[in-house]
2 protein chains.
Amino acid sequence: MPSKPAPITMDAVYTAPGYLFRRMQQIAVSIFIEECSAFDLTPVQYAALVAIHTHPGIDATRLSAVIAFDRSTLGNVIERLESKTLIERKPSQGDKRVKLLYLSKAGASVLRDIMPSVERAQVRMLQPLKPTDRKTLLALLTQLVDLNNEASRVPLRAEDALEHLGKAG
Amino acid sequence: MPSKPAPITMDAVYTAPGYLFRRMQQIAVSIFIEECSAFDLTPVQYAALVAIHTHPGIDATRLSAVIAFDRSTLGNVIERLESKTLIERKPSQGDKRVKLLYLSKAGASVLRDIMPSVERAQVRMLQPLKPTDRKTLLALLTQLVDLNNEASRVPLRAEDALEHLGKAG
DNA sequence: CTCAGATTGACAGTATACTTACAATATCGG
DNA sequence: CCGATATTGTAAGTATACTGTCAATCTGAG
């Protein structure tokens with residue numbers, strides 16, 4: 001016998017993991033923007049700066065794998081970072097298709113200065129929970145993101161970051 | 001004495017709650033779109049349909065409070081739902097500024113039919129975790145979203161949904 | 001070495017998600 | 001009743017976050 005369909009209520013939305021993830025993401029971005037308002041950097045731009053700092057001379061495609069944004073999205077992000085003169089794009093000698101990414105002095109300076117604000121934002125996101133619960137949530141979320149990596153359209157490929165070392169400038 | 005700043009590493013990004021929330025959001029949307037591909041509905045459009053189903057005759061501003069999307073975003077969502085003829089907009093008699101929202105027959109039908117796919121998507125998001133861990137994560141996330149409600153730019157105001165009952169048609 | 005196939009960055013298109021601003025309309029204090 | 005104030009929907013602008021497609025370029029099989 002077929003089971004009766006569940007009634008359609010708002011509660012079904014409010015308790016759905018997908019809805020909670022969306023809400024939490026909205027809240028996290030709000031808090032980040034607020035804490036870092038002095039620097040005019042979005043969370044995505046911050047992550048890109050860190051990755052370029054950590055992997056100087058990386059190209060856009062590899063960068064997209066390292067921070068798990070798709071290439072199209074990242075193109076715009078890079079453009080904005082370049083127009084703010086936080087990064088520089090130089091053509092690769094070896095491969096004429098590729099443009100290598102480097103932090104500018106201004107970019108390195110902004111990145112250094114923004115760190116405390118970023119740290120404050122990350123703390124604030126979890127602040128309402130008890131310390132034990134913060135650890136539990138973070139551990140479970142890390143696990144879940146990792147195990148679901150392949151389910152996302154742009155899986156994280158941290159190891160790709162190393163490949164550019166062979167083909168620099 | 002001032003403490004030395006932490007070194008800037010990708011690990012600082014990967015373990016930051018904000019980054020994990022963003023990743024999880026990306027994954028959740030991917031899974032939803034995949035499971036519901038037959039219906040051509042996004043997660044946001046689905047949530048809006050449910051809210052209009054639950055509160056027939058609601059207006060856009062109140063709807064935005066009920067699902068916690070801002071009014072501007074919701075304007076576009078409503079437009080798309082209307083152009084797909086899943087909802088109808090009727091002017092309110094009492095208040096000439098307001099347009100009241102109703103599900104069309106097609107909208108009600110799509111909403112009924114999509115429910116199993118939505119349910120499958122929600123299950124899949126948490127699938128990689130052990131059942132106990134799923135419950136823990138959901139409980140902590142629900143708590144955190146609730147306690148951080150005011151931190152988001154568009155706080156959830158579920159109770160607003162009831163106000164439209166007085167001013168229908 | 002050459003050509004099929006892959007890769008790279010760029011572009012166009014769609015859909016959130018927010019900001020500020022604005023005109024039309026409501027409402028409330030005096 | 002009337003004018004300051006608030007609300008509603010809409011629009012323009014910015015920033016993710018995807019889908020495609022495309023030309024330029026590179027790589028590898030034969």
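Proteins get letters first, then strands, A, B, ... in listed order; numbering begins at 1 in each.
- Map B:S152 and A:N76 each onto its nearest nucleotide of DNA chain C; the residue landing nearer the 5' end is A:N76.
- Taking the six-membered ring where the residue is Trp, the centroids of B:F21 and A:F21 are separated by 6.0 Å or more.
- Closest approach to the A:R22 side chain among C:dT8, D:dA17, C:dT16 is made by C:dT16 (side chain taken as heavy atoms from C-beta onward).
- Of the residues near DNA chain C, B:V77 and B:R71, the one whose nearest nucleotide (by heavy atom distance) lies more toward the 5' end is B:V77.
- Between A:I78 atom CD1 and C:dT8 atom P the separation is 13 Å, expressed in whole Å.
- For C:dT8, the OP1/OP2 oxygens have a side-chain nitrogen or oxygen of A:R62 closer than 4.0 Å.
- Per the geometry, CG belonging to A:D95 stands 12 Å off C1' belonging to C:dA6, to the nearest Å.
- When the C1' atom of D:dC26 is taken as reference, atom CD of A:Q93 falls 16 Å away, rounded to whole Å.
- Within the 4.0 Å cut-off from OP1 or OP2 of D:dT10, at least one side-chain nitrogen or oxygen of B:R89 is found.
- A donor-acceptor pair shorter than 3.5 Å cannot be found between the side chains of A:S83 and A:R80.
- Side-chain N/O atoms of A:Q45 include one lying less than 4.0 angstrom from OP1 or OP2 on D:dT16.
- The side chain of A:K99 places an N or O atom within less than 4.0 Å of a non-bridging phosphate oxygen (OP1 or OP2) of C:dA10.
- Residue B:L49 contributes atom CG, which lies 15 Å from atom C1' of C:dA15 at whole-angstrom precision.
- Place A:K84 and A:K96 on DNA chain D by their nearest nucleotides, and A:K84 ends up nearer the 5' end.
- Residue A:S72 is in base contact, counting any heavy-atom pair closer than 4.0 Å across all strands shown.
- Under the 3.5 Å distance criterion, with hydrogens and angles disregarded, no donor-acceptor pair is assigned to the side chains of B:D95 and B:S92.
- Rounded to whole Å, the distance from CZ on B:R97 to C1' on D:dT5 is 12 Å.
- If you check every strand for non-hydrogen atoms under 4.0 Å, A:T42 touches sugar and phosphate atoms only.
- The phosphate of D:dC18 (OP1 or OP2) has no side-chain N or O of B:Q25 nearer than 4.0 angstrom.
- Counted by atom type alone, B:N149 and A:R23 present one or more donor-acceptor pairs between their side chains at under 3.5 Å.
- Note: CD1 (B:I58) to C1' (D:dG9) measures 15 Å, nearest angstrom.
- If you check the side chains of A:R124 and A:Q127, you find no donor sitting under 3.5 Å from an acceptor.
- Taking atom CD on A:Q26 and atom P on D:dA17, their separation rounds to 12 Å, with Å as the unit.
- No side-chain N or O of B:T136 forms a donor-acceptor pair with one of B:D133 less than 3.5 Å apart.
- Nearest-nucleotide positions on DNA chain D for A:P43 and B:T61 put B:T61 closer to the 5' end.
- The interatomic distance linking A:L74 (CG) with D:dA15 (P) rounds to 15 Å, in whole Å.
- Regarding contacts with the backbone of D:dT16, a side-chain N or O of A:R80 is found under 4.0 angstrom from either OP1 or OP2.
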